[in-house]
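What follows is a set of notes on a single structure, which appears directly below.
Lettering of chains follows the sequences in order, A, B, ..., and the numbering in each one begins at 1.
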Amino acid sequence: MKKIIQPVKGTRDFYPPEKNVNSWLYQTIREVSESFGYQEYDGPFLESIDLYASKSGEELVKEQSFVFPDKSGNLIALRPELTPSLVRMIAQQQQQLVYPLRWWSFGPFWRYESPQKGRGREFFQWNADLIGVDSPEADAELAALMAGFFRKVGLSPDKVKVFVNNRRLMEGELAKLKIPSDKQGEVFRLIDRRGKLNDKDWGAYALEIGLKPAQLEGINTLLSSDDLWKDSEELTRFFTAVDALGVNDYVEYSPRIIRGLDYYTGTVFEALAVSKDIRRSISGGGRYDNLMADVGGDSLPGVGFAMGDMVISVVLEELGLLPENRSAAPAKILVTVFDEESLLASYQLGVELRQAGFKVCSYPTAEKLGKQFRYADKVGARIAVILGPDEINNQQVALKDLQTREQTTVSRSQAIEAIRGLLENDPGA
RNA sequence: GCGAGCGUAGCUCAGUCGGUAGAGCGCUGCACUGUGGAUGCAGUCGUCGCGGGUUCAAGUCCCGUCGCUCGCCCCA
């Protein structure tokens, strides 16, 4: 075996079939985002580590980012998320931008994770944000955008749900249980882990962080109160808007959704795939009204979410929802090369056909026709064009439909029309 | 960081009780010198991940190591 340098751990090779899936995701995300009037943007892949140090949380930067010094010794990070870049970009042009601002992006991110199914060290992420509006209806729009994507790719509401909660509501409820505000962060973490631990371990963890049994009881009651949202004016308006936006079948209240990130201030949401008995987090987001001010801009409210490409790909794959034709033909027409003498004539014919708008490849060398036909087959070409001595002498070309096996010889001037006729019912052309 | 499983041909994998390496697919050629998918025949293909140990003999057993995968942890 030849020695081949191994790919970097946690990265993926995108062979044409995989790249095709990636492009399809990108395209679908583009269509959904643009249908809501969002504009595409992007930040740099490299950022100064300082950008993340302030806000993203210690662990994200120190433990899970790829960081390296450049030649002048500045610490550079491969971006682990987009929101800090977004916030910086907005702060830089805060007075010129038009609000409400609706932006989306799809690009690569890097995190130093331990790779496993649905998670790698290099992945793509869809980000969508609505900046400058502080209303439950804006939150609902983001939920609708997310649900719109699911609907478009065929993920029905029985396969995926967007669960919603509100941090202000939860803070109020915790205060009622006499949980001091400086413990809220810890309690949010506790709630975040409810689904991951069994009852016993979770209860032990709760007592460990200093909760009294009565408070634990209270939290348990809280976490099974599926009607709790009715106590929140914000969420009541949110769900009314969700109805109006036509996605109430996807969006559901859950007191157990809290999200790990510190900068969320109000509504938080998370899309979960329900396959068998496993719940997998597909996407998450929420409202972050203080973030802009925290990084030194003027105060500006925002709400947004992110969705990684790896989990959604796994889910779509399992449900058979990925596009069928994963290796689209590079060209529908192959121009064969009869012999050395006619090679350039074949190339020129290829040029003519390309100018006529067809996707055309020329066989690069004069091989036996049988071999060229086999090649045409394998790459999925529909038509083989033959330009041998007989055709050249008579100003003709032979066209063979590889699907029907029918071959016709037409005059050179009619070739384009004839091909167009043959490709009429071929969608890939 | 912890745990489990797996590393054999280009790919997917088999290899029994330890006895000197196999299949399918692919690729090349021929049947078929102006025509593809089928069929038949022939050919091509190996540091059995790496290092050590046990043994007359190791792909197989033991130890170590590296890599991959799947979980746990974590999850913006």
Side-chain angles (χ1 to χ4, degrees), chain A residues 1-13 15 51-65 77 79-87 109-121 123 125 127 189 192-193 195-198 201 205 258-264 268 270 278 280-286 288 291 304-308 310-311 314 334 336-339 342 363 366-393 396-409:
Chain A
M1 200 199 291
K2 287 149 263 156
K3 278 173 218 146
I4 296 173
I5 305 288
Q6 300 229 345
V8 173
K9 191 186 185 81
T11 62
R12 290 169 289 173
D13 291 329
Y15 288 85
L51 181 70
Y52 305 102
S54 53
K55 201 56 205 170
S56 292
E58 296 280 293
E59 182 162 355
L60 177 54
V61 185
K62 289 193 176 143
E63 309 292 333
Q64 293 197 290
S65 292
R79 62 180 188 184
E81 61 164 332
L82 190 57
T83 303
S85 304
L86 166 69
V87 167
F109 295 86
W110 294 266
R111 289 179 199 166
Y112 201 85
E113 304 263 13
S114 115
Q116 53 194 270
K117 194 168 189 170
R119 191 160 76 176
R121 292 184 174 181
F123 54 93
Q125 205 172 61
N127 280 263
R189 272 180 63 81
D192 195 39
R193 298 176 72 173
K196 296 165 189 164
L197 300 174
N198 62 43
D201 290 349
Y205 178 50
I258 206 75
R259 307 287 303 153
L261 206 52
D262 288 339
Y263 55 60
Y264 291 126
V268 287
E270 180 164 0
I278 303 168
R280 250 182 310 212
S281 179
I282 293 181
S283 166
Y288 49 90
L291 197 51
F305 67 79
M307 182 188 82
M310 297 189 71
V311 173
V314 169
L334 178 84
T336 62
V337 173
F338 190 80
D339 53 23
S342 62
Y363 203 87
E367 299 281 347
K368 288 164 103 176
L369 277 181
K371 190 172 176 180
Q372 299 186 45
F373 272 71
R374 217 179 308 140
Y375 174 80
D377 247 355
K378 282 181 184 166
V379 299
R382 176 69 192 272
I383 295 171
V385 177
I386 302 128
L387 194 63
D390 297 348
E391 286 82 7
I392 291 175
N393 286 334
Q396 292 176 320
V397 292
L399 305 176
K400 177 151 181 172
D401 186 326
L402 292 163
Q403 202 169 304
T404 63
R405 294 170 163 255
E406 282 165 19
Q407 181 168 331
T408 51
T409 302

Query raised in the report: For B:C56, what is the paired nucleotide under Watson-Crick or G-U wobble rules, both distances under 3.5 Å?
Result: B:G19

Report summary line: A:Lys368 NZ to B:C30 C1', in whole Å, measures 8 Å

Report task. Tell me whether the OP1 or OP2 atom of B:C27 has a side-chain N or O from A:Lys378 closer than 4.0 Å. Result -> yes

Query raised in the report: Could you give the CE-to-P distance, from A:Met310 to B:C75, as a whole number of Å?
Result: 19 Å

Report task. With heavy atoms under 4.0 Å as the rule, sort A:Gln125 into base, sugar-phosphate or nothing. Result -> nothing

Report task. Could you check whether A:Arg79 gets within reach of a base, just the sugar-phosphate, or nothing at all, counting any heavy atom under 4.0 Å? Result -> nothing

Report task. Taking all non-hydrogen atoms of both residues into account, name the closest pair between A:Thr409 and A:Gln396 and its distance. Result -> CG2-OE1, 3.5 Å

**Report entry** Touch class at under 4.0 angstrom, heavy-atom based, for A:Lys117 against every strand present
**Finding:** sugar-phosphate

Query raised in the report: Does OP1 or OP2 of B:C70 have a side-chain N or O of A:Arg119 closer than 4.0 Å?
Result: no

Report summary line: Whole-Å distance, A:Phe123 CZ to B:C74 C1', equals 13 Å

Report task. From the options B:G37, B:C73, B:G34, select the nucleotide whose nearest atom is closest to the side chain of A:Asp377. Result -> B:G37

Requested in this report: Could you tell me the separation between the CD atom of A:Glu113 and the P atom of B:C74, rounded to a whole number of Å?
Outcome: 12 Å

Report task. Could you tell me the separation between the NZ atom of A:Lys9 and the C1' atom of B:G67, rounded to a whole number of Å? Result -> 8 Å

Report task. Could you check A:Arg193 against A:Gly118 and say which one's nearest nucleotide on RNA chain B is further toward the 5' end? Result -> A:Gly118

Report task. Select base, sugar-phosphate, or nothing to describe what A:Tyr112 touches, counting heavy atoms under 4.0 Å on all strands. Result -> nothing

Requested in this report: Have a look at A:Ser114 and say if it touches a base, only the backbone sugar-phosphate, or nothing, with a 4.0 Å heavy-atom cut-off.
Outcome: base

Query - Any strand: nucleotide that pairs with B:C6 via Watson-Crick or wobble, under 3.5 Å - result: B:G67

Requested in this report: Between B:G34 and B:G40, how far apart are the P atoms? Round to whole Å, please.
Outcome: 26 Å

Requested in this report: Pick base, sugar-phosphate or nothing for A:Tyr375, based on heavy-atom distances below 4.0 Å to the nucleic acid.
Outcome: nothing

Report task. Considering only atom C1', compute the distance from B:G26 to B:U12 and round it to an integer number of Å. Result -> 11 Å

Requested in this report: Would you please say whether a donor-acceptor pair under 3.5 Å links the side chains of A:Glu270 and A:Ser281?
Outcome: yes

Requested in this report: Using atom NZ of A:Lys400 as one end and atom C1' of B:G36 as the other, report the distance to the nearest whole Å.
Outcome: 7 Å

Report task. Please measure how far the P atom in B:C61 lies from the corresponding atom in B:G24, and state the result in whole Å. Result -> 26 Å

Report summary line: Judged by nearest nucleotide, the residue sitting upstream toward the 5' end of RNA chain B, A:Glu367 or A:Leu387, is A:Glu367

Query - Over all atoms of both residues, closest heavy-atom pair of A:Tyr288 and A:Gly304 - result: CE2-N, 3.7 Å

Query - Ion pair A:Arg382/A:Asp401, N-O distance below 4.0 Å - result: yes

Query raised in the report: Please give, in whole Å, the distance from B:C66 C1' to A:Gln6 CD?
Result: 9 Å

